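Below is one structure, written out as structure tokens; comments come after it.
Within every chain, numbering begins at 1; the chains are lettered A, B, ... in the order of the sequence lines, protein sequences first and strands thereafter. For clarity, every value in this text was computed on a predicted model and none was experimentally measured.
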Amino acid sequence: MSRGIFGEENELMVQRRKNFEVIRALGFDPYPHKFDRTHTIAEIVRTYGRYAGAKPPEELERVNAELRQVAVRIAGRMMTTRLMGRAAFAHLSDGDQRLQIYIRSNEVSEREWQLYNHLDLGDFIGVEGYLFVTRTGELTIHVQRLHFLAKAFLPLPEKWHGLQDIEMRYRQRYLDLIANRASREVFVRRAQIIKEIRRFFDERGYIEVETPMLTPLATGAAARPFITHHNALDIDLYARIAPELYLKRLIVGGFEKVYELNRNFRNEGISTKHNPEFTMLEFYEAYSDYEDLMELTEELLTHLVRTICGSLVIEYAGNQIDFTRPWRRLTLKEAILLNWPETMPTPAPEDLDVPERLSAWLQAISGRCDPRWSPAQMLGKLFEHVAEEKLIQPTFVLGYPTELSPLAKQSEEDPTIVHRFELYIGGLEIANAFCELNDPAEQYRRFEQQMRLRERGDEEAMVMDEDFIRALGYGMPPTAGEGIGIDRLVMLLTNQRSIRDVILFPHMRPER
RNA sequence: GGGCCGUUAGCUCAGUCGGUAGAGCAUCGGGCUUUUAACCCGAGGGUCGCAGGUUCGAUUCCUGCACGGCUCACCA
């Protein structure tokens with residue numbers, strides 16, 4: 001072993017470097033600038049894949065007479081090779097699909113044959129030749145010219161088992177993508193989901209906007225922010241925790257339907273459901289209420305599930321989830337009572353209004369109850385511990401306490417609760433929506449109440465945003481708004497248990 | 001941050017009731033012009049995560065640390 005630019009070099013790497021020098025000595029440009037292709041490998045598979053399949057000799061002869069006319073020039077990474085003396089088979093990958101090539105020493109130049117013999121798995125090559133189907137029925141390119149395109153100095157993961165090491169899959173996602181097709185498919189599907197979401201809102205007259213990621217105040221959600229510093233202005237800035245208050249300013253400004261699909265940042269724990277930066281869809285619609293958003297959410301998600309998964313029933317974490325509308329609606333209290341632990345007697349509904357009982361249950365169920373928590377906070381915690389993970393089928397949860405919803409409009413009948421819902425699917429919180437509070441005086445009082453919580457030590461309580469109050473002062477029409485956690489939605493639609501499996505480069509502690 | 005579990009060849013994994021380790025793929029040499037986890041013959045490759053401790057002897061037992069996974073707490 002010796003030190004090199006890749007760290008410790010083992011014999012495999014030394015051998016690859018030797019091969020590279022041989023290829024260079026053969027006169028091949030070690031790093032050519034471009035390679036013109038007639039097809040991608042995926043295009044060849046799509047166009048000519050129907051010729052594949054084992055056939056009787058005379059039919060094979062006929063098919064190959066036809067295919068021989070198809071001259072192709074393709075490129076890819078060499079994934080496997082089977083050298084048999086003076087001929088060889090290999091598989092090339094364009095990332096999406098694989099295609100076999102067949103090369104014979106007497107049908108290429110000696111220099112090209114030498115090149116082939118000094119290639120390593122992982123190298124990029126280009127080939128020119130014609131199509132044929134082998135005796136075993138595999139569509140293959142019969143190579144006439146071979147080109148060297150780029151070197152893989154480091155050995156690839158094993159061809160059969162792929163890359164299993166979870167840490168390496170996250171840290172070196174490029175290796176995961178090369179070795180594990182399933183991983184690639186998750187991210188292709190993620191891109192489809194995001195594209196469909198944009199199409200869905202664009203078609204309904206929404207406009208997509210971009211609001212600041214670096215903000216002077218971290219508002220719009222209850223979370224701790226990342227702090228940075230702007231040198232020229234000499235001010236601290238916060239990575240946004242939510243775009244909410246900016247989007248409502250745009251409603252004030254006369255954009256009646258807006259959405260933003262982008263990253264939020266929260267300086268909190270990492271788990272299978274949390275990444276410090278995560279993708280959030282937020283959308284706001286003037287003159288609508290949260291009932292309309294429940295309709296819209298059902299429409300959006302059933303459209304996505306049908307388009308992406310091909311069925312309204314999908315499997316997630318061992319459960320069948322049925323998206324057939326309409327979805328169940330429960331109040332927060334109903335959700336708690338319906339999912340009450342079997343080991344404890346179910347309380348009467350009015351018991352959930354008794355603070356002493358709430359704290360006793362919370363202590364018993366979660367093992368922790370902070371005396372500073374208000375009854376509303378305790379109710380929220382109780383829901384999280386008792387009900388959340390059991391809400392497998394799509395469920396709208398309603399009846400949230402006003403105190404837990406400082407930006408939402410109160411119910412006309414009961415000002416202690418707000419017109420808000422959260423959507424739970426597969427035990428995951430997917431969406432949060434409400435009628436937007438547009439009374440500046442009430443909003444001011446809510447901010448004041450949040451600041452009192454903050455003074456009591458609640459670091460996640462919201463801060464006062466005076467410009468937002470001023471914006472509301474110019475008048476905001478009745479509006480409903482919603483946020484949807486895209487990473488979790490992608491988890492659901494790709495059947496992944498960990499948010500890290502749907503984020504290309506999840507955050508990790510640095511290697512040492 | 002707490003608890004539990006993991007870290008052995010480039011990769012995927014065995015294994016050692018404490019006596020310094022094996023397989024498959026990959027690599028190297030030889031054979032092979034329709035193979036496909038190609039095949040046949042031969043070979044090399046490891047400070048068993050790091051640092052201490054116990055021991056005649058530690059990859060194995062103990063402690064600490066690092067990184068990761070699950071989980072609890074915080075949160076979406």
Which whole number of Å gives the distance between the [atom1] atom of [N] and that of [M]?
| N | M | atom1 | value |
| --- | --- | --- | --- |
| B/U71 | B/C11 | P | 26 Å |
| B/A21 | B/C25 | P | 23 Å |
| B/U8 | B/G29 | C1' | 28 Å |
| B/G49 | B/C74 | C1' | 30 Å |
| B/G24 | B/C56 | P | 39 Å |
| B/A26 | B/C72 | C1' | 42 Å |
| B/C67 | B/A51 | C1' | 15 Å |
| B/C13 | B/U7 | P | 11 Å |

Between [atom2] of [N] and [atom1] of [X], the distance in whole Å:
| X | N | atom1 | atom2 | value |
| --- | --- | --- | --- | --- |
| A/F265 | B/A76 | CZ | C1' | 15 Å |
| A/Y170 | B/G68 | OH | P | 12 Å |
| A/I270 | B/A73 | CD1 | C1' | 15 Å |
| A/E459 | B/A73 | CD | P | 19 Å |
| A/R263 | B/A76 | CZ | P | 19 Å |
| A/Q164 | B/U8 | CD | P | 14 Å |
| A/N180 | B/C11 | CG | P | 14 Å |

Which is true for [X] with a 4.0 Å heavy-atom rule: it touches a base, it touches only sugar-phosphate, or it touches nothing?
| X | value |
| --- | --- |
| A/G269 | base |
| A/E138 | base |
| A/R169 | nothing |
| A/A221 | nothing |
| A/M280 | nothing |
| A/M168 | sugar-phosphate |
| A/N275 | base |
| A/L83 | base |
| A/G162 | sugar-phosphate |

Under 3.5 Å, is there a donor-acceptor pair between the side chain of [X] and the main chain of [Y]?
| X | Y | value |
| --- | --- | --- |
| A/N319 | A/I321 | no |
| A/D123 | A/M78 | no |
| A/Q496 | A/M491 | no |
| A/N432 | A/E422 | no |
| A/E260 | A/T211 | yes |
| A/R240 | A/L214 | no |
| A/R500 | A/P506 | no |

A/E61 atom CD, over 12 foreign heavy atoms within 6.0 Å = no
Is the count of non-hydrogen atoms from other residues, nucleotides or ligands lying under 6.0 Å from A/M79 atom CE greater than 12?
-> yes
Shortest non-hydrogen contact from [X] to [Y]?
| X | Y | answer |
| --- | --- | --- |
| A/H118 | A/Q114 | ND1-O, 2.9 Å |
| A/L489 | A/L301 | CD1-CD2, 3.8 Å |
| A/P155 | A/L12 | CG-CD1, 4.1 Å |
| A/P157 | A/L175 | CD-CD2, 3.7 Å |

Pairing of A/E244 and A/K248 as salt bridge, 4.0 angstrom limit = yes
Got a sec? Which of [range] come in under 4.0 Å of RNA chain B, heavy atoms?
| range | result |
| --- | --- |
| residues 420-434 of chain A | A/E429 |
| residues 103-110 of chain A | A/R104, A/N106 |
| residues 369-399 of chain A | A/W373, A/K381, A/H385 |

The residue, A/R82 or A/S498, whose nearest nucleotide of RNA chain B is more 5′ is A/R82
Where do N or O atoms of nucleotides 26-29 of chain B meet protein N or O atoms at under 3.5 Å, pair by pair?
residue	atom	partner	partner atom	Å
B/A26	OP1	A/K159	NZ	2.9

Please produce a list of atom pairs where a protein N or O lies less than 3.5 Å from an N or O of nucleotides 2-6 of chain B.
none

Can you tell which of B/A73, B/U35, B/U12 lies closest to the side chain of A/T134?
-> B/U35
For a quick test of reading the model: is some side-chain N or O of [X] closer than 4.0 Å to OP1 or OP2 of [N]?
| X | N | answer |
| --- | --- | --- |
| A/R509 | B/C67 | yes |
| A/R500 | B/G68 | no |
| A/T272 | B/U71 | yes |

Donor-acceptor pair (no angle test) under 3.5 Å: A/R135 side chain, B/U34 base = no
Sub-6.0 Å ring centroid separation between [X] and [Y]:
| X | Y | value |
| --- | --- | --- |
| A/F201 | A/F283 | yes |
| A/F153 | A/F20 | yes |
| A/Y424 | A/F383 | yes |

Return each pair, listed once, that meets side chain to side chain donor-acceptor pair (under 3.5 Å) where at least one residue sits in residues 381-391 of chain A; pairs must be two or more places apart or across chains.
-> none
Has A/F278 got its ring stacked on B/A76, by the test of a centre gap below 5.5 Å and a plane angle below 30°?
-> yes
Report the base-pairing partner of B/A21 (Watson-Crick or G-U wobble, both distances below 3.5 angstrom), or none.
-> none
Would A/R328 count as a cation-pi partner of A/F396, with NZ or CZ less than 6.0 Å from the six-membered ring centre and within 45° of the ring normal?
-> no
